[in-house]
There are 2 protein chains.
Amino acid sequence: MSAEPRTPLTRDRVVAAAVGRADAAGLDGLSMRALADELGVVPMALYKHVANKGALLDAMVEALFVEIGVRDASADWRGWLRRRATEVRGALRRHPWANGIMETRAPGPVNLRHHDAVLGCLRGAGFAFADAIHAYSLMDAYVYGFAAQEAALGFARPSDAGEAASRRAASVPSSDGLPHLAELVRLLPASGYDPDVEFAWGLDLLLEGLERRLASRR
Amino acid sequence: MSAEPRTPLTRDRVVAAAVGRADAAGLDGLSMRALADELGVVPMALYKHVANKGALLDAMVEALFVEIGVRDASADWRGWLRRRATEVRGALRRHPWANGIMETRAPGPVNLRHHDAVLGCLRGAGFAFADAIHAYSLMDAYVYGFAAQEAALGFARPSDAGEAASRRAASVPSSDGLPHLAELVRLLPASGYDPDVEFAWGLDLLLEGLERRLASRR
DNA sequence: TGCACTAAGTGTACGCCGTATACCGAGAGG
DNA sequence: CCTCTCGGTATACGGCGTACACTTAGTGCA
């Protein structure tokens, strides 16, 4: 019945527990105190491994980039970008708490390697310096924007979409004068809405557009 | 020297002051207590006009949609969408605090009219129900994603871009193995980077893509 | 004229939060 | 054996959102 030795705290253990807690309870549900509790430790013990909560968030984002991984270069730049975009979106779906902070936290080394790899893919595809930046900005804006949208609407399965739409509609006094929104609420449940399809639709449009830009510059 | 009558508190005054404070100090700098102070009132007085801080945030987002306004329909759907996107981005630039919360807060009536108008524009342009939703999702993802990116990078003038890039680069131990990022840091300052151009580049690509989709479905 | 009722603003207090600071015990190195 | 470092602890401070009970000023009606 005596105290078992208890595996020692590590920076990695702290970060992993933080990610787990944020997955389950959201960013608001992640407090240093609750996290310490979960690790069977007093709150201030965390500060021996992380400078402060901001640094913990930095580390969590970096952990997410590690989870995503950095893909090897490929001759098929469109496929490469598509796979990367899909993976980032998947990660943000598994870890919705990351949505607001992916771009705001201080970047870690893997994060930077990520950026470098994307830029490298675009330059390798033939984009000029300025166009590569444009393309990069466009892709990231779409992926992060879509993921944020998805997290905000808060449904994962196609069948939930209609339910979510009605919930939103119900929270508003009247849909008078909103014919298209009313149509959406009416038709969406039966339309077999699928967020994967939605994401791919936009992604295809983007990649096609990029290819055209590339072709026209050559 | 006696107390002047002091203009009475109003929900609108509270919301306006909150927007002002968030503009100046960010969302983190917006506390009920500081806001009350600014209004020369005790914190709890605010609760006579707003249910709680969440409701205040809802109202702030709604105020932002009011500021943006709902544009009248137009035959030129591309121009309409471009103007709207530009205006939304402009609003998010003036009020960076709104970046994380535009889509997550409970929507108010003007917000909904906004959505309805966009959907109406797309349906009017000839997009089928499902494609209109796809297009909508794509446009919003881009606009909000771009604005978030812009806010995260945190520079407004083209000339600041290089400085921001170096700052980011300096915060990282070494750029070894990051040739493209290194190139970016080296070339960006002199490249005359302009966020307006950046935004327009992606927006044009999007609208072009949408037009193609529209043409091919007809 | 008086009186109840309402709505706006106040005061106090509670339980969270992040974290500064001082402390303590165990193991390591001389 | 003594000191030093390092991981974990205890206590405490100031700030947060807000529940609850209160005063006070105005209003409608008898």
Side-chain angles (χ1 to χ4, degrees), chain A residues 1-63 97-98 100-101 104-106, chain B residues 1-63 97-98 100-101 104-106:
Chain A
M1 201 65 88
S2 73
E4 52 246 67
R6 176 176 71 178
T7 71
L9 227 46
T10 311
R11 187 184 156 90
D12 284 353
R13 282 216 322 130
V14 170
V15 173
V19 167
R21 181 149 190 97
D23 286 347
L27 258 203
D28 289 346
L30 173 69
S31 74
M32 298 301 269
R33 299 169 118 102
L35 180 56
D37 236 50
E38 201 168 284
L39 289 164
V41 108
V42 89
M44 286 312 292
L46 303 177
Y47 289 84
K48 298 288 179 184
H49 303 274
V50 194
N52 50 44
K53 195 175 184 181
L56 176 59
L57 292 176
D58 293 349
M60 289 168 70
V61 169
E62 177 73 355
W97 50 266
I101 62 174
T104 53
R105 309 302 323 182
Chain B
M1 203 66 88
S2 73
E4 52 245 67
R6 178 174 71 177
T7 71
L9 227 46
T10 310
R11 188 184 155 91
D12 285 352
R13 282 215 323 130
V14 170
V15 173
V19 167
R21 180 150 190 96
D23 287 348
L27 257 204
D28 289 346
L30 173 69
S31 75
M32 297 301 268
R33 299 168 120 103
L35 180 57
D37 235 50
E38 201 167 284
L39 290 163
V41 109
V42 90
M44 287 311 290
L46 302 176
Y47 289 84
K48 298 288 178 186
H49 304 275
V50 197
N52 49 45
K53 195 175 182 179
L56 176 59
L57 293 176
D58 293 348
M60 289 168 70
V61 169
E62 176 73 356
W97 50 265
I101 63 174
T104 52
R105 309 303 322 182

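Numbers restart at 1 for each chain; the letters A, B, ... are given by sequence-line order, proteins then strands.
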A.B. asks: Which nucleotide, C/dG11, D/dG8, D/dT11, lies nearest any side-chain atom of B/V42?
C.D. replies: C/dG11
A.B. asks: Which pair of heavy atoms, one from A/L35 and one from A/A18, lies closest together, and at what distance?
C.D. replies: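 Nearest pair, atom of A/L35 first, then A/A18: CD1-N, 3.6 Å.
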A.B. asks: CG of B/D28 versus C1' of D/dG15: gap in Å, rounded?
C.D. replies: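 In whole Å, D/dG15 C1' lies 13 Å from B/D28 CG.
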A.B. asks: With a 4.5 Å limit on heavy-atom distance, are the side chains of B/M32 and B/L56 in contact?
C.D. replies: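 When only atoms from C-beta onward are counted, B/L56 and B/M32 do touch, with a gap below 4.5 Å.
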A.B. asks: Take the protein atom CE of A/M44 and the nucleotide atom C1' of D/dC13, then report the distance between them rounded to whole Å.
C.D. replies: 12 Å
A.B. asks: Between C/dC17 atom C1' and A/R21 atom CZ, what is the distance in whole Å?
C.D. replies: 13 Å
A.B. asks: Minimum heavy-atom separation for A/R13 and A/P8, please, with both atom names.
C.D. replies: NE-O, 3.3 Å
A.B. asks: With side chains defined as the heavy atoms from C-beta onward, is the minimum distance between A/D37 and A/R33 less than 4.5 Å?
C.D. replies: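 Result no, sub-4.5 Å side-chain heavy-atom pair not found.
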A.B. asks: Figure out the CG/P separation between A/L39 and D/dG7, and round it to whole Å.
C.D. replies: 16 Å
A.B. asks: Check the distance between D/dG8's P and A/L35's CG and give it to me in whole angstrom.
C.D. replies: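 My rounded result for the distance is 13 Å.
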A.B. asks: For the pair made of CG in A/L9 and P in D/dC6, what is the distance, rounded to whole Å?
C.D. replies: 16 Å
A.B. asks: Would you kindly check whether a donor in the side chain of A/R33 faces an acceptor in the base of C/dG18, or vice versa, at under 3.5 angstrom?
C.D. replies: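 Such a pair exists between side chain and base.
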A.B. asks: In the structure I gave you, are the side-chain heavy atoms of A/T104 and A/L57 within less than 4.5 Å of one another anywhere?
C.D. replies: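 Answer no - side chains too far apart.
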A.B. asks: Under 3.5 Å, which donor-acceptor pairs link side chains of residues 39-51 of chain A to any protein atom two or more places apart or in another chain?
C.D. replies:
none

A.B. asks: Check A/A106 against A/D58 and note the closest heavy-atom contact, atom names and distance.
C.D. replies: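 In terms of heavy atoms, the two residues are closest at N-OD1, 3.4 Å.
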A.B. asks: Between C1' on D/dG8 and CZ on A/R11, what's the gap in Å once rounded to a whole number?
C.D. replies: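 Between C1' of D/dG8 and CZ of A/R11: 18 Å.
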A.B. asks: In whole Å, what is the span from the CG atom of A/D37 to the C1' atom of D/dA10?
C.D. replies: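 After rounding, the reported distance stands at 15 Å.
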A.B. asks: Starting the side chain at C-beta, find the nucleotide from C/dG18, D/dG8, C/dT10 nearest to A/P8.
C.D. replies: D/dG8
A.B. asks: In residues 46-54 of chain A, what residues come within less than 4.0 Å of DNA chain D, judged by heavy atoms?
C.D. replies: A/K48, A/H49
A.B. asks: Among D/dG8, C/dT10, C/dC17, find the nucleotide with the atom closest to the side chain of B/V41.
C.D. replies: C/dT10
